Amino acid sequence: MTAFLDAGSCESTADPDLSLSTPGPFCHVCPNPTAAPNYPIEEEVAVTGNSFVVEGVNTNGKYFTVSADNFPLEINLFENPENKLVIRGDNLSAVSRGKNRGLKGITMYYDAVTNKFRGNYNFHETLNNDITDDDWMLGDSVMLGDLTAFTNGVCARKDYRIVDMENIGRPEKHVGWVRPLSSIRLGKQGVIGHYFSDFIYNVYLDNPVTTVWTDAVNSDIEISTDGGASYTTVPASASDPTLRPLGFSVSGDLKVKIVGHTRSNLNGLTGDMGGLHLAFC
């Protein structure tokens, strides 16, 4: 698959079913002139599978390369100046050589000239550089288990608008490292609360959803449909920890609170200034 190269321009065509503008070529952010909220909406990037094969290695196997056309998650380059996405991967081929780490955070850097990714394990769990020789070898098979819900038909993602965010117990209105709020979307590097504080994302849903998806599988997710007057914890699905079924359908304004995310329990997502992601289905 080919990554979007830029946000492009919008060819606005009213879509009565979706109540949003139909994007033109390479358009990821289209304002909706007909909806009440005046917040931009981004298309969800393509997910075509939940695994890939390492196509090249360098620096004694500390890093790997793979063509963007053969990587199952499209990179979203809008508000992503470092051309980077973060995702958890499990190198199953590394088991036989004693180098398997389980499902751990991987940083992927996209090169538009070659249309390739260069990837490596995140600096996870501690701030030490634990990228090692033979982490990757040519032909290694890597599972991206967090994407399974999108490939087995369980979670059909819906576009959503980001209104703003707030840190719990802190005045700052930005995520860690002052990343764009859109970094929480799939195909980007993810977010954390400022200094790992619990945080709330305020979103607007044009279309009804019944499930929250997140790769922060060890954190609690709470939602509020009444403007923050009350919150309800949403337990993870027994069959897939990335899914948090709501038990009902919701659209319009929604507050999503992330509770208890740390460097260690994000399993490598936060290394190299990455973090967790959210989606809705």
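From a predicted model like this one, the values you see are computed outputs, not experimental measurements.
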Is Arg157 salt-bridged to Glu43, going by a charged N under 4.0 Å from an acidic O?
-> no

Hey, are the side chains of Phe280 and Leu205 touching, using non-hydrogen atoms and a 4.5 Å cut-off?
-> yes

Are Ser182 and Lys188 linked by a side-chain donor-acceptor pair shorter than 3.5 Å?
-> yes

Look at atom CZ of Phe248 and say whether more than 12 heavy atoms of other residues, nucleotides or ligands are closer to it than 6.0 Å.
-> yes

Describe, in one word, how the ring planes of Phe199 and His261 are oriented to each other, choosing from parallel (under 30°), tilted (30 to 60°) and perpendicular (over 60°).
-> perpendicular

Does Lys116 come within less than 4.0 Å of Asp111, counting only side-chain N to carboxylate O?
-> no

No-hydrogen, no-angle side-chain donor-acceptor test under 3.5 Å, Asn100 and Asp90 = yes

With the threshold set at 4.0 Å, does a side-chain nitrogen-carboxylate oxygen contact exist between Glu42 and Arg161?
-> no

Would a hydrophobic clustering, with Ile, Leu, Val, Met, Phe, Trp and Tyr connected at side-chain separations under 4.5 Å, put Ile162 with Val212?
-> yes

Distance from Asn218 atom CG to Leu276 atom CG, nearest 0.5 Å?
-> 11.5 Å

Give a yes-or-no answer on whether the side chains of Asp215 and His277 include a donor-acceptor pair shorter than 3.5 Å.
-> yes

Between Phe52 and Phe71, is the gap from one ring center to the other below 6.0 Å?
-> yes

When you measure from the centre of the six-membered ring of Tyr231, is the NZ or CZ of Lys257 under 6.0 Å away and within 45° of the axis?
-> yes

Min side-chain heavy-atom separation Glu222-Lys255 under 4.5 Å = no

